[in-house]
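Written out below as structure tokens is the structure these notes cover.
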There are 2 protein chains.
Amino acid sequence: MVLQVRAGELQVLLWQRAQEPFADSWALPGGYLEPGETLEQSIRRHLAEKVDVRELAHLEQLETRSEPERTPDEWQLATAYLGLVPSDADPRVPDDTEWHPVDALPPLAFDHESIALAGRERLRAKLSYTNIGFALAPGEFTISELRDLYGAALGHDVSATNLQRVLLRRRVLESTGRLRAPGPTGGRPGALFRFRTHALEVTDQFAVLRPPGPARAFVA
Amino acid sequence: MVLQVRAGELQVLLWQRAQEPFADSWALPGGYLEPGETLEQSIRRHLAEKVDVRELAHLEQLETRSEPERTPDEWQLATAYLGLVPSDADPRVPDDTEWHPVDALPPLAFDHESIALAGRERLRAKLSYTNIGFALAPGEFTISELRDLYGAALGHDVSATNLQRVLLRRRVLESTGRLRAPGPTGGRPGALFRFRTHALEVTDQFAVLRPPGPARAFVA
DNA sequence: ACGGTTTTCGCCCCATAGTCGTAAACCTTA
DNA sequence: TAAGGTTTACGACTATGGGGCGAAAACCGT
């Protein structure tokens, strides 16, 4: 599943199935695994038919579903992946493919609704303790723009003051020194920031039971 | 993979392969998926041959590995699971099966070393922000005993004072009102505690960007 | 009664997050 | 140029929660 913040909402890329089962209903993009292919290679290959995969700033494995009831006829295992597209990209998508707000999903095929919601929760959790925001944000942005991105992805308002202070202290963000020109309505120009790194790092050391020494940063 | 704290160390259950490939080397217990079977049903079935699965206090899916190089001859996908056994259980295991400290693993077959280490990291992370300790601990225990369990699983010393204060505040632990008789060397008898619930709950709301309102507890 | 041992608990410090108010920097319009 | 509106930046204060430490409590043995 591919997520992007579009028009102030967290949206997911869906395509309309042409064939049975679940003809005409919406589904997450994907497809079969070819022999000798890695799961990640496979999902990238299938996504490439729907969206420019170079826009994919992050891709990680979610869960493997194996319930026999999840598919009507033959038994199929499915390994779900979560992909993220920065909000400044507007990839061309085929005619049978559309973005839909995760908060207002149409009826989905198979167990895809459950997968989509699980992906949203994974994103929300990681926004709080990793630097995964780099995969949702443009290369440079003001704190207000980042606040709106986080708000859309998390589903609730966040404070720009806190966001800036926390992400700077964790060294997730760094200042570019440049300013963004104010909009037509005026206002003080916002300072432009960028994510210090575009590789996933855990930035919040879970409280209790912290090992002695400086905070580690490890990839998850 | 099955983990248990034994003799003050975090140990993993391994069995010695009798057949090629990797004959005589150690491997994580597991086996093939049967048609119509859930992955979780399958891993429970295979584990049942090695250990009393009723002792399994927790079982969760880890990651699905698909690299073609992970198996020598035919291509095999593997979905790893993490199982936990409380420290007061001492399940009978077959002759070809042994517990090994995760910090001193023998050479393992396939990519099982990588899986074992990933499982240990998952456990360590969840110890800090969930109540997953219930799956490592006996039904009742003193804070000192729990401190030793956490220390073994985390790989570093933890403070009994902090552990008690934090887990009580998060309402992970509750007092039983009873005391444990002191050992032969004397000392003040320790108060007995238990985990309030034996279902996995996230107890630490990741800091920043917390939604308004009281802390939620949700299953992951 | 008196050390030795283990557990318990209160106290203080510090790091980090949340809130709020004010100042700064820009726009448009008069 | 001045004034009012808008947006961002930033400091001050508060609240929460974890870490460290030492004293007191409760048991053992001699």
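All values below were derived from every heavy atom in this structure, side-chain atoms included, with hydrogens, water molecules and symmetry-related copies excluded. Each chain gets a letter, A, B and so on, in the order the sequences are listed, and its residues count up from 1. No experiment lies behind these values; they were computed from the predicted model shown.
- Checked against salt bridge (charged side-chain N to carboxylate O under 4.0 Å, His left out), Asp148(A) has no partners two or more places apart in sequence or in another chain.
- Between the CD atom of Glu145(A) and the C1' atom of dT7(D) there is a distance of 12 Å, given to the nearest Å.
- In this structure, Ala160(A) reaches neither bases nor backbone, as no heavy-atom distance under 4.0 Å exists between it and the strands shown.
- Here Arg147(A) does not reach the OP1 or OP2 of dA9(D): none of its side-chain N or O atoms lies under 4.0 Å away.
- Between the CD1 atom of Ile143(A) and the P atom of dT7(D) there is a distance of 17 Å, given to the nearest Å.
- Listed by first then second residue, pairs satisfying ring-ring contact (aromatic ring centres under 6.0 Å, His included) with a partner in residues 105-124 of chain B read Phe22(B)-Phe110(B), Phe110(B)-His112(B), not counting sequence neighbours.
- Counting heavy-atom neighbours within 6.0 Å of Arg45(A) CZ, excluding the residue itself, gives a total above 12.
- Atoms NE2 (His156(A)) and C1' (dG18(C)) sit 13 Å apart, rounded to a whole Å.
- In this structure, CZ of Arg171(A) is placed 14 Å from P of dT16(C), rounded to the nearest angstrom.
- Computed from coordinates, the Gln164(B) CD to dG20(D) P distance equals 16 Å when rounded to whole Å.
- Residues passing the side chain to side chain contact (heavy atoms under 4.5 Å, CB included) test with Glu98(B) are Trp26(B), His100(B), sequence neighbours excluded.
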Checklist entry - Arg65(A) and Glu63(A): salt bridge (Lys or Arg N to Asp or Glu O under 4.0 Å), yes or no, with the steps? => result CA-CA 6 Å; Arg65(A) 304 289 182 100; Glu63(A) 192 190 356; 3.2 Å; yes

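- With sequence neighbours left out, the ring-ring contact (aromatic ring centres under 6.0 Å, His included) criterion links His198(A) to Phe134(A).
- Within the structure, the side-chain hydrogen bond (donor to acceptor under 3.5 Å, both in side chains) test picks out the following pairs touching residues 187-196 of chain B (sequence neighbours left out): Glu174(B)-Arg194(B).
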Item to check | B/S/- contact track for nucleotides 21-30 of chain D, protein heavy atom under 4.0 Å | outcome: B---BBBS--

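- For the pair Leu163(A) CG and dT8(D) P, the computed distance is 13 Å after rounding to whole Å.
- Of the side-chain N and O atoms in Asn162(B), none sit less than 4.0 angstrom from OP1 or OP2 of dG18(D).
- With rounding to whole Å, Leu173(B) atom CG is found 16 Å from dT7(C) atom C1'.
- Within the 4.0 angstrom heavy-atom criterion, no nucleotide atom of any strand lies near Ala181(B).
- Remark: P of dT7(C) and CG of Leu146(B) are 12 Å apart, rounded to the nearest angstrom.
- Look at Arg180(A) and you won't find any side-chain N or O under 4.0 angstrom from OP1 or OP2 of dT8(D).
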